[in-house]
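One-based numbering, in listed order, for ligands and for the atoms of each. Computed from a prediction, not measured in an experiment: that's the story for all the values here.
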Amino acid sequence: MKTLLLAVLLASAASAQVPAIYFGAQNAEILQHYRALVQIDTSPPGNETKAVSYLKKVLEAEGIATQTFALNPDRANLVARLKGNGSKRPLLILAHTDVVGVQREKWPVDPFAAIMKDGYIWGRGTRDDKPNLAANLMTMLLLKRSGVALDRDIIFLAESGEEADITGVGINFMVAQHFDAIDAEFSITEGGGARLENGAVKTVNIGTAEKVPASVRLVATGRSGHGSVPRLDNPLVHLGAAVEKVGRWEPPMRLNDTTRTYFEKLATISSPDKAARYRDLTNPQRTAAVQRYLRENEPGLYSMLRTSVVPTQLKAGVGPNVIPSEAEATLDIRALPDEDIAKFYAAMNDVIADPAVKIVPLPATRPPSPVSPLTTEMYRALEQVSKRMYPGVTVLPSMSTGASDMAQLRAKGIPSYGIGPAATEEDANYGAHSDVERLAESSLYKFVEFTWNAVTAVAVHK
Ligand SMILES: [Zn+2]
């Protein structure tokens with residue numbers, strides 16, 4: 001089998017085309033690496049260096065040199081590079097090695113054993129983010145074995161600390177101190193996916209944008225005093241009024257390339273009443289009614305329309321008969337990618353219209369990042385590969401209302417695209433950060449093939 005495969009690879013390499021890989025023959029190796037990576041427990045505090053050691057061994061055994069970069073020796077990042085002829089700038093393929101924690105009593109199986117049951121592989125990280133990590137690893141191995149000529153370098157990055165990079169060991173460290181090692185024309189990473197219905201992929205989501213976290217504290221101040229004496233400057237009263245005003249406030253709706261395309265395409269695969277609503281978003285006569293509907297019934301879509309302001313915490317009071325001198329609220333604010341944050345805070349201040357209440361921005365967790373274009377060679381390749389692998393599929397560019405490590409890369413001028421394996425609606429209960437995580441074995445293999453197809457489409461010398 002190996003000899004046959006090698007012969008096929010050599011034949012295709014000689015004709016300088018994308019090497020023909022018979023993916024069925026790769027399944028055993030894909031599964032082996034993927035399960036091994038899930039079995040390495042990288043839940044908090046991370047210990048990602050254990051995963052890095054595994055990847056380093058596998059890559060170096062194939063003759064692919066690696067470099068590790070560690071701010072904290074237990075939480076290393078690993079970079080490997082396959083050289084191209086330099087006619088195009090590099091492609092960065094990255095995945096994070098850490099996973100979120102587990103509550104063991106919620107798991108029907110050992111969360112770090114990568115148990116195979118009912119057609120699924122079960123374990124923490126089986127969805128987030130070890131499929132991408134395994135797919136990127138396999139792509140590197142297959143490219144190296146094929147010996148195919150590349151127009152651009154392929155940079156493999158296994159990064160630590162994505163889930164809670166408060167110490168800055170992962171992408172922040174790499175961007176700030178080792179950007180040369182990962183600088184690229186494009187990147188692909190987690191942040192997309194595909195929807196399976198009745199055994200067929202119906203939609204592929206490609207992450208092309210994300211909102212910018214811009215949370216603040218609202219701090220109301222007044223004079224403290226006895227609870228038996230009503231005071232007009234009671235900070236609780238001022239804060240309560242301010243929270244109500246911003247909580248009901250609707251900043252202006254603004255679509256970008258991604259969200260406009262998203263709603264247009266969503267309309268083509270939705271029921272007639274939903275489709276009409278998505279189309280009417282841009283109809284001046286109908287948009288207000290549609291936005292009202294989405295606010296009530298589809299809040300995830302509503303959040304894609306505008307910068308959102310969501311009160312999440314209140315803190316005030318020292319005793320039942322004491323007026324405190326200060327009261328504060330936290331507002332979780334997710335800004336549109338093009339929002340001018342300072343201007344936005346000024347507008348919010350006008351809405352509050354109360355000098356006793358001050359807006360205090362919380363430290364930024366992610367830089368503002370531009371929407372990645374839908375016109376690049378990388379995006380087109382992802383779209384074409386989706387259509388080739390899944391005939392009749394609808395490709396949806398997506399703006400996440402959450403935040404990811406793509407923010408740091410996009411902010412450095414690297415258009416970044418989120419991809420991910422296919423899952424059914426039921427699988428959503430076993431997705432990223434769920435009590436129990438699992439991935440269909442068949443989705444794993446298809447996703448490795450998808451990644452390979454996308455990478456080779458933009459990198460192989462033709
Ligand atoms: Zn993740």
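- Judged purely by distance below 3.5 Å, without hydrogens or angles, the side chains of Tyr54 and Gln39 never pair a donor atom with an acceptor atom.
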Stepwise side chain to side chain donor-acceptor pair (under 3.5 Å) check, Glu60 with Thr66: CA-CA 7 Å; Glu60 291 187 350; Thr66 65; 2.6 Å; yes
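- Not a single N/O/S atom of Glu162, whether from backbone or side chain, sits less than 2.8 Å from the Zn ion (ligand 1).
- Not a single N, O or S atom of Glu163, from either the backbone or the side chain, sits less than 2.8 Å from the Zn ion (ligand 1).
- With rounding to the nearest 0.5 angstrom, the CD1 atom of Ile419 is 12.5 Å from the CG atom of Asn205.
- Judged by distance alone, the side chains of Glu449 and Tyr445 never bring a donor and an acceptor atom under 3.5 Å apart.
- The Zn ion (ligand 1) lies closest to atom OD1 when only the N/O/S atoms of Asp128 are considered.
- When the Zn ion (ligand 1) is compared with the N/O/S atoms of Glu190, atom OE1 turns out nearest.
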